[in-house]
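The chains referred to below are lettered A, B, ... by the order of the sequence lines, with proteins before strands, and numbering in each begins at 1.
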2 protein chains.
Amino acid sequence: MDRGSEEYRLRRERNNMAVKKSRLKSKQKAQDTLQRVNQLKEENERLEAKIKLLTKELSVLKDLFLEHAHNLAESVPQETSAAGQEKST
Amino acid sequence: MDRGSEEYRLRRERNNMAVKKSRLKSKQKAQDTLQRVNQLKEENERLEAKIKLLTKELSVLKDLFLEHAHNLAESVPQETSAAGQEKST
DNA sequence: ACACATTGCGCAATAG
DNA sequence: TCTATTGCGCAATGTG
């Protein structure tokens with residue numbers, strides 16, 4: 001190839017542009033990937049928090065059930081009387 | 001700089017090695033980031049599934065509570081009964 | 001054969 | 001002074 005030809009220089013020039021463009025695109029994509037990681041991390045934290053909350057709610061309800069069952073088995077001669085009244089400790 | 005000197009060639013050689021090494025490292029890091037994205041996506045899905053499960057459990061328990069309360073209101077016209085008994089619809 | 005896109009590679013500048 | 005990192009251009013190769 002003739003490095004002095006007009007044609008050659010033109011090709012080189014255009015390729016150099018293409019290279020720059022391509023590499024910019026590549027870097028952009030890498031940046032996007034990093035941002036994606038951060039987004040996902042944040043979402044993850046939100047989900048973990050939600051799970052924690054739901055778990056706690058569930059735990060409370062289950063305890064209520066247990067207590068109720070306990071009351072039924074232990075005393076409850078009638079209706080709903082024993083709402084935790086005889087607690088000592 | 002003398003492009004023919006032993007020193008020059010040696011420097012170039014070493015720098016070329018360093019460049020290769022650095023670029024490999026860079027690519028490796030990019031790969032790791034992509035994997036990280038996939039890991040996070042998977043974890044996200046697990047968390048979403050767990051939330052779905054917990055939500056369902058919670059819903060079931062709440063329904064049981066409501067049913068229970070309903071039963072009390074229906075058949076136990078004693079002290080605690082005054083919790084909105086006059087409602088027709 | 002043509003045009004742009006992508007990639008490996010080396011050079012040089014410069015950061016550390 | 002040495003390696004590490006980065007922008008850049010060249011050439012080969014990929015893609016359409």
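Taking side-chain N and O atoms only, R3(A) has a distance below 4.0 Å to OP1 or OP2 of dA11(D). For the pair Y8(B) and dA12(C), the criterion of a side-chain N or O lying under 4.0 Å from OP1 or OP2 is met. Between R11(B) and dC2(D) there is a side-chain polar atom (N or O) within less than 4.0 angstrom of OP1 or OP2. Applying the 4.0 Å criterion to OP1 and OP2 of dT5(D), one finds that S22(B) has a side-chain N or O inside that range. Contact annotation: N16(B) side-chain N/O to dC11(C) OP1/OP2 distance is under 4.0 Å. For K21(B) and dT5(D), the shortest distance from a side-chain N or O to OP1 or OP2 is not below 4.0 Å.
A residue-by-residue look at K27(B) and E13(B) shows that K27(B) has its nearest nucleotide of DNA chain C further toward the 5' end.
In this structure, M17(B) atom CE and dG10(C) atom C1' are separated by 13 Å, rounded to whole Å. Rounded to an integer number of Å, the gap from R23(B) CZ to dC9(C) C1' is 7 Å. Across the protein-nucleic acid pair, L24(B) atom CG and dT5(D) atom C1' stand 14 Å apart, rounded to whole Å. Straight-line distance from the NZ atom of K29(A) to the C1' atom of dA5(C): 12 Å, rounded to whole Å. Rounded to whole angstrom, the span from the CD atom of Q28(B) across to the C1' atom of dA4(D) amounts to 17 Å. To the nearest angstrom, P of dT1(D) lies 9 Å from CD of E7(B).
Between the base of dG10(C) and the side chain of R9(B) there is no donor-acceptor pair shorter than 3.5 Å.
N16(B) is listed as a side-chain neighbour of R12(B), based on a closest heavy-atom distance under 4.5 Å. Within the 4.5 Å cutoff, side-chain heavy atoms of Q28(A) are placed close to those of D32(A).
In the set dG7(D), dA4(D), dA5(C), dA5(C) carries the atom at the smallest distance from any side-chain atom of N15(A). Listed nucleotides dT6(C), dC10(D), dA12(C) differ in distance to A18(A); the shortest reach to its side chain belongs to dT6(C).
If you check every strand for non-hydrogen atoms under 4.0 Å, R12(B) touches a base. Across all strands, R14(A) comes closer than 4.0 Å only to sugar-phosphate atoms, never to a base (heavy-atom distances).
The aromatic rings of F65(A) and F65(B) sit parallel, their planes meeting at an angle under 30°, below the 60° perpendicular limit.
In this structure, a donor-acceptor pair under 3.5 Å is absent between the side chains of R11(A) and N15(A).
The CG atom of L47(A) lies 12.0 Å from the NZ atom of K50(B); values are rounded to the nearest 0.5 Å.
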